[in-house]
Amino acid sequence: MDTVRVRFAPSPTGNLHIGGARTALFNWLFARSRGGVFVLRLEDTDTGRNIEEAAVQIATSLRWLGLDWDEGPDLGGPYGPYRQSDRFEIYQAEARRLVESGQAYWCYCTPEELAQQREEARKRGEVPRYDRRCCTLTAAQRQAKEAAGIRPALRVRVPRTGTTVVHDLIRGEVSFDNATLDDFIILKSNGGPTYNFACVVDDAAMRISHVIRAEEHLSNTPKQIVLYRLLGYQLPAFAHVPMILAPDRSKLSKRHGATAVEEFRAEGFLPEAIVNYLALLGWSPGDEREQMTLAQIQELFSLEAVSKHAAIYDVRKLTWLNGQYLSSLPLARVVEAVLPFMQEAGYVSAVPGAAELDYLNRVVETVRSRVHTLAELRDAAAYFYRSDFTYEEKGIRKYFAKPGVTELLARGREALAAVPSDQFTVEATEQAYRRVIDEMGISGGALIHPTRLALSGRTVGPGLFDIMATLGKEECLARLERAVDWIDINLRAEA
RNA sequence: GGCCCCAUGGUCAAGUGGACUAAGACACCGGCCUUUCAAGCCGGUAACGCGGGUUCGAAUCCCGCUGGGGUCACCA
């Protein structure tokens, strides 16, 4: 086993799930930490369930997460093609070898007959298992079946004695009694391979050294090992990673909210956070580290440190991590990530100019430490782009309804008007405001709170002077004036 | 139901026979800071599923039970 070769082999039936993403991540980490090769292979043998867009979507999500592959459907490689639907001749050829050596046989039982056989076995209290009745078919009987238009499926003749043991890098030795195995189908009646067959043929053909996949495949492994032996292939190492469960301990599904990588992206999660969180789910660096880059994780990763038990994913911790990244990543990176959100909201133009970008940078810098997702960041930045907001009810009652508040706001506005617009900084605006506060002998909050409401429409947010400096002089004066007018019309009139 | 895997706080998770009066993180609760909200800092509540062994000693090893999960297709 010289060079490490691993693969991620999704079936393109839907979006990339976080469970799949983590399996891909562990494969990627293993390959990258061992100087190996990461292969992407599409398991699209079931033409009925295959969705063309899904293949594109999965690749897009993987790339977005930063998990790049060395060989795959798009890149090609020495062991292609990497799409199972393009490898049918290979499966046919390997199946033929099995038939010729008597290790596989044609089965003419129809799905209905098989279901009936299973049902009868169950009634007798037996484990449903194919009874090999088609094994003894004579040539004449076979011809009759063919003439009747029945297309046969191909079954492997699985040894019925002994045990098959899986040497698993995460779970140790797991043994299965061969008597519990069945003569499973490897070629469907339409000529296509089944999962267990295609998977083995391809893993061997693509020189996969380590099969790292989800635990749900552990019970398939003895069947696959039988195939490896029958076909004379060298066995790869196996590692079955624990599954990711929904908060109610059940298998993850759509009804548990966002479970697809694409959905997390749309909700404003950063790939840095998702990958970091996924790595922490089922693996630990062994110390107290939490926030780590892909590069750091890669350096520390080992399959031996992967836990054995399923993990329930907790979107709150992911959210926390995302918030950590939002405030600690270089500003340019956060701006880049939030840009599409801002454009979609109509805050930033499709092709922003330098001034627009400069403003966005300042906005992001002033709000990013108090949000957890890019969507929240966009919403928290709304009033930096729109001045037609309404005032929060609670704020109106608490700050605008106070007697003398319009005079207060007018004084504040006057003070700000005296600050030159090219020196409208956090320090200068605060100095101007503090002077008003001193002169009037009021508490800071008495002026600061109504001003925040006037400027942003909200009672919570960044430091007031940060808002002022970002907004700029003209906008501040206009908004203060608008607030005074609003109070005059809406609150004074009633009095 | 058969087979297989797993089992430390609500969640993630450290721990590989003595340093365990069981780390850390998220969440939660308090406090500090403060113009608000976050952030940050300080503190708190909270766990070895149960029962038997083995051992001078068990979260750690063995057995049973219970619980959870996976799998039993011409799906992957």
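These values consider heavy atoms only, across backbone and side chains, with no hydrogens, waters or symmetry-generated copies. Naming convention: chains lettered A, B, ... in sequence-line order (proteins, then strands); numbering from 1 in each chain.
Within the 4.5 Å cutoff, the side chain of C199(A) has no heavy atoms near those of the K223(A) side chain. At a threshold of 4.5 Å between non-hydrogen side-chain atoms, the residues L65(A) and V261(A) count as touching.
For rU71(B), the paired base is rG2(B) (Watson-Crick or G-U wobble, both distances below 3.5 Å). Pairing for rG64(B) goes to rC50(B), judged as Watson-Crick or G-U wobble with the two contacts each under 3.5 Å. Remark: rC32(B) base-pairs with rG40(B); criterion is Watson-Crick or G-U wobble with both hydrogen-bond distances under 3.5 Å. rG9(B) makes up no base pair with any nucleotide shown, lacking Watson-Crick or G-U wobble contacts both under 3.5 Å. Across all strands shown, rA23(B) forms no Watson-Crick or G-U wobble pair with both key distances under 3.5 Å. Using the Watson-Crick or G-U wobble rule with both distances under 3.5 Å, rU16(B) pairs with nothing in any strand shown. When Watson-Crick and G-U wobble pairs are counted only if both distances are under 3.5 Å, rG57(B) pairs with no nucleotide at all.
Contacts between residues 449-469 of chain A and RNA chain B, defined by a heavy-atom separation below 4.0 Å, involve H449(A), R452(A), T459(A), V460(A), G461(A), P462(A), G463(A), L464(A), F465(A), listed by number. Interface residues of residues 51-59 of chain A facing RNA chain B, ordered by number: none; criterion, heavy-atom separation under 4.0 Å.
Of the two residues near RNA chain B, A311(A) and S369(A), the one whose nearest nucleotide lies more 5' is A311(A). Both S307(A) and K251(A) lie near RNA chain B, and the one whose nearest nucleotide falls closer to the 5' end is S307(A).
The distance from atom CG of N322(A) to atom C1' of rA38(B) is 15 Å, rounded to the nearest whole Å. Regarding H240(A), its NE2 atom lies at a distance of 12 Å from the P atom of rU71(B), rounded to whole Å. In this structure, L321(A) atom CG and rA39(B) atom P are separated by 14 Å, rounded to whole Å. Straight-line distance from the CD atom of E430(A) to the P atom of rU34(B): 13 Å, rounded to whole Å. Separating the CG atom of L377(A) from the C1' atom of rC37(B) is a distance of 15 Å, rounded to the nearest angstrom. For the pair L245(A) CG and rA13(B) P, the computed distance is 11 Å after rounding to whole Å. To the nearest angstrom, C1' of rG70(B) lies 15 Å from CG of L252(A). Atom P of nucleotide rG70(B) and atom CZ of R249(A) are separated by 10 Å, given to the nearest angstrom.
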Verdict with reasoning, K398(A) to E392(A), per salt bridge (Lys or Arg N to Asp or Glu O under 4.0 Å): CA-CA 10 Å; K398(A) 229 169 148 185; E392(A) 244 177 61; over 6 Å; no
Salt bridge (Lys or Arg N to Asp or Glu O under 4.0 Å) between R362(A) and E365(A), worked out: CA-CA 5 Å; R362(A) 294 195 335 258; E365(A) 184 58 34; over 6 Å; no
Where protein sits on nucleotides 16-31 of chain B, one letter per nucleotide: B base, S sugar-phosphate only, - none, heavy atoms under 4.0 Å: -------SBBBS----
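In terms of modelled atom types and a separation under 3.5 Å, the side chain of E376(A) and the main chain of H372(A) share a donor-acceptor contact.
For the side chain to side chain donor-acceptor pair (under 3.5 Å) with Y108(A), the lone residue among R151(A), Q141(A), R133(A), E146(A) that qualifies is E146(A).
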May I have the list of side-chain donor-acceptor pairs in residues 236-244 of chain A shorter than 3.5 Å, sequence neighbours left out?
unit_1: H240(A); atom_1: ND1; unit_2: D168(A); atom_2: OD2; d: 2.7
unit_1: H240(A); atom_1: NE2; unit_2: R213(A); atom_2: NH1; d: 3.3
unit_1: H240(A); atom_1: NE2; unit_2: T221(A); atom_2: OG1; d: 3.2

Distance-only check: which donor-acceptor pairs under 3.5 Å involve side-chain atoms of residues 275-283 of chain A, not counting sequence neighbours?
unit_1: N276(A); atom_1: OD1; unit_2: M292(A); atom_2: N; d: 2.8
unit_1: N276(A); atom_1: OD1; unit_2: Y325(A); atom_2: OH; d: 2.5
unit_1: N276(A); atom_1: ND2; unit_2: E290(A); atom_2: O; d: 3.0
unit_1: Y277(A); atom_1: OH; unit_2: D314(A); atom_2: N; d: 2.7
unit_1: Y277(A); atom_1: OH; unit_2: D314(A); atom_2: O; d: 3.3

Report each atom pair, protein N/O against N/O of nucleotides 5-9 of chain B, whose distance is under 3.5 angstrom.
unit_1: rC5(B); atom_1: O2'; unit_2: R171(A); atom_2: NH1; d: 2.5
unit_1: rC5(B); atom_1: O2'; unit_2: E215(A); atom_2: OE2; d: 3.1

At a cut-off of 3.5 Å, list every protein nitrogen or oxygen paired with a nitrogen or oxygen from nucleotides 72-76 of chain B, distance to 0.1 Å.
unit_1: rC74(B); atom_1: O2; unit_2: S189(A); atom_2: N; d: 2.6
unit_1: rC74(B); atom_1: O2; unit_2: S189(A); atom_2: OG; d: 2.8
unit_1: rC74(B); atom_1: N3; unit_2: S189(A); atom_2: OG; d: 3.0
unit_1: rC74(B); atom_1: N4; unit_2: C109(A); atom_2: O; d: 2.8
unit_1: rC75(B); atom_1: OP2; unit_2: K188(A); atom_2: NZ; d: 3.1
unit_1: rC75(B); atom_1: O2'; unit_2: D46(A); atom_2: OD2; d: 3.1
unit_1: rC75(B); atom_1: O2'; unit_2: R49(A); atom_2: NE; d: 3.3
unit_1: rC75(B); atom_1: O2'; unit_2: R49(A); atom_2: NH2; d: 3.1
unit_1: rC75(B); atom_1: O2; unit_2: R49(A); atom_2: NH2; d: 3.4
unit_1: rA76(B); atom_1: OP1; unit_2: T45(A); atom_2: OG1; d: 2.6
unit_1: rA76(B); atom_1: OP1; unit_2: K188(A); atom_2: NZ; d: 2.9
unit_1: rA76(B); atom_1: OP2; unit_2: Y195(A); atom_2: N; d: 3.0
unit_1: rA76(B); atom_1: O3'; unit_2: E43(A); atom_2: O; d: 3.2
unit_1: rA76(B); atom_1: O3'; unit_2: E43(A); atom_2: OE1; d: 3.3
unit_1: rA76(B); atom_1: N6; unit_2: N220(A); atom_2: OD1; d: 3.4
unit_1: rA76(B); atom_1: N6; unit_2: N220(A); atom_2: ND2; d: 3.3
unit_1: rA76(B); atom_1: N1; unit_2: N220(A); atom_2: ND2; d: 3.3

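At least one test fails for R458(A) against the ring of Y383(A): distance under 6.0 Å to the centre or angle within 45° of the axis.
Listed by chain and number, the residues in a salt bridge (charged side-chain N to carboxylate O under 4.0 Å, His left out) with E113(A) amount to none (sequence neighbours excluded). Every side-chain contact (heavy atoms from CB on, under 4.5 Å) that D86(A) has, sequence neighbours left out, goes to P81(A), R83(A).
The nearest pair of heavy atoms linking R132(A) to V158(A) is NH2-O, 2.9 Å. Looking at every heavy atom in both residues, S369(A) comes nearest to S327(A) through CA-CB, 4.0 Å.
Within the structure, the salt bridge (charged side-chain N to carboxylate O under 4.0 Å, His left out) test picks out the following pairs touching residues 436-457 of chain A (sequence neighbours left out): R411(A)-E439(A). Residue pairs meeting the ring-ring contact (aromatic ring centres under 6.0 Å, His included) criterion with at least one member in residues 164-204 of chain A, sequence neighbours excluded: Y195(A)-H217(A). For residues 299-308 of chain A, there are no side-chain hydrogen bond (donor to acceptor under 3.5 Å, both in side chains) pairs, not counting sequence neighbours.
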